[in-house]
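None of the values given here were measured: they were computed from a predicted structure. Below, chain A is the first sequence line, B the second, and so on; all start at residue 1.
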2 protein chains.
Amino acid sequence: MRLFMDIAKALADETRVRILAALRRQELCVCQIVELAQLAPSTVSKHMTVLRQARLVDSRKEGRWIYYRLADTAAPSAVQEGLTWVWASLRGDSRIKEDKKKLQSILKMGTEQLCKKQNQR
Amino acid sequence: MRLFMDIAKALADETRVRILAALRRQELCVCQIVELAQLAPSTVSKHMTVLRQARLVDSRKEGRWIYYRLADTAAPSAVQEGLTWVWASLRGDSRIKEDKKKLQSILKMGTEQLCKKQNQR
DNA sequence: CCTATAATTCGCCAAATGACGAATTATAAT
DNA sequence: ATTATAATTCGTCATTTGGCGAATTATAGG
């Protein structure tokens with residue numbers, strides 16, 4: 001029950017679901033997610049902690065950047081089946097589509113350039 | 001996105017998940033759920049509203065009693081696939097098993113007798 | 001070594017959530 | 001009609017949650 005509830009709670013926030021959907025194509029570092037979600041880094045960081053606690057994402061460190069990716073096939077089945085449910089339910093969702101477009105432009109500019117831009121604010 | 005989030009939020013509370021699991025075998029009236037969950041009727045009522053809003057349950061009125069049952073095959077696929085995920089993830093869960101046992105004794109005593117017992121408190 | 005910076009942790013606040021009891025509504029029974 | 005009662009709605013409260021900025025940590029680069 002514990003893991004299941006962690007997953008369900010993690011999925012009960014729209015921002016986190018949008019982040020998961022964004023991670024579906026490729027891994028992302030925090031500053032890229034910040035740009036997508038238009039939230040403070042500290043807020044995104046907290047969301048990522050919730051998602052990792054639920055085993056929905058994994059992370060790896062590369063220099064100063066931390067990259068998050070979707071849980072892989074090594075994840076518990078509750079996680080994998082949960083994600084399957086999410087994808088099926090959000091197929092064609094307009095919000096997710098918008099995010100996908102926005103992501104493309106975020107990915108076009110390099111990671112360094114993106115972080116610079118954020119510091120200017 | 002809207003319905004999906006309603007479902008995800010509805011599933012993000014352990015009491016509600018337990019109620020859903022209890023409904024898997026048979027429909028239940030509110031007083032039976034009150035007995036199972038050991039919560040105030042008003043609290044259970046609110047939970048049921050959340051579950052119905054998410055389309056996870058339907059209800060029917062019979063006299064003074066309102067019976068809730070799991071969503072059937074007419075429900076949106078997000079609901080059905082969500083429930084499939086729940087069942088798969090909670091298979092063998094000890095809390096759900098305990099509830100199942102408790103439910104049996106609740107079902108043994110008639111509905112009227114049960115409500116009387118609650119009024120005594 | 002020292003500075004810059006990507007990310008996290010911490011402390012705080014506003015909003016949402018889950019709980020209860022009291023009041024209300026609707027139905028059954030006297 | 002009046003009373004009893006199953007369930008809901010309402011008002012209130014404590015806890016949790018999601019957000020931010022400031023402080024902290026860890027790594028890259030001058």
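- Whole-Å rounding puts the Gln53(B) CD to dT17(C) P distance at 12 Å.
- Considering only side-chain N and O atoms, His47(B) lies nowhere under 4.0 angstrom from the phosphate OP1 or OP2 of dT17(C).
- Residue Leu56(A) is tested with Val50(A), Leu11(A), Leu70(A) for a side chain to side chain contact (heavy atoms under 4.5 Å, CB included); the sole match is Leu11(A).
- For the pair Trp87(A)/Leu20(A), a side-chain contact is recorded, criterion being any heavy-atom separation below 4.5 Å from C-beta on.
- How far CD of Glu35(B) is from CG of Leu103(B): 10.5 Å, rounded to the nearest 0.5 Å.
- Nucleotide dG18(C) holds its C1' atom 17 Å from the CD1 atom of Ile33(B), rounded to whole Å.
- The salt bridge (Lys or Arg N to Asp or Glu O under 4.0 Å) test applied to Asp6(A) returns Arg2(A), not counting sequence neighbours.
- No donor-acceptor distance shorter than 3.5 angstrom exists from the side chain of Arg55(B) to the backbone of Ile7(B), with no hydrogens or angles considered.
- In this structure, the OH atom of Tyr67(B) is 13 Å from the P atom of dT8(D), given to the nearest Å.
- From one end of the helix from dC1(C)-dG30(D) to dT30(C)-dA1(D) to the other, with five pairs defining each end axis, the axis direction shifts by 20° (rounded to 10°).
- Looking only at side-chain heavy atoms (C-beta outward), Leu23(A) and Leu28(A) come within less than 4.5 Å of each other.
- Contacts of Asp58(A) classified as side chain to side chain contact (heavy atoms under 4.5 Å, CB included), with partners at least two apart in sequence or in another chain: Arg69(A).
- In this structure, Met48(B) places its CE atom 13 Å from P of dT9(D), rounding to the nearest Å.
- For the segment residues 4-24 of chain A, residues with any heavy atom less than 4.0 angstrom from an atom of DNA chain D are, sorted by number, Asp13(A), Thr15(A), Arg16(A).
- Looking at heavy atoms from C-beta onward, Ile33(B) lies out of side-chain contact with His47(B) at the 4.5 angstrom threshold.
- At whole-Å resolution of the value, CG in Leu51(A) and P in dT17(D) are 14 Å apart.
- For Gln32(B) (side chain) and Cys29(B) (main-chain N/O), a donor-acceptor pair under 3.5 Å exists by modelled atom type.
- Arg18(A) meets the salt bridge (Lys or Arg N to Asp or Glu O under 4.0 Å) test with Asp99(A); sequence neighbours excluded.
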request  = Report, as a single string ordered 5' to 3', how protein heavy atoms within less than 4.0 Å touch nucleotides 20-30 of chain D: B base, S sugar-phosphate only, - not at all.
outcome  = BBB---SBS--

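- Within the 4.0 Å cut-off from OP1 or OP2 of dA6(D), not a single side-chain nitrogen or oxygen of Tyr68(B) is found.
- Side chain of Arg24(A) to backbone of Ile19(A): no donor-acceptor contact under 3.5 angstrom is found.
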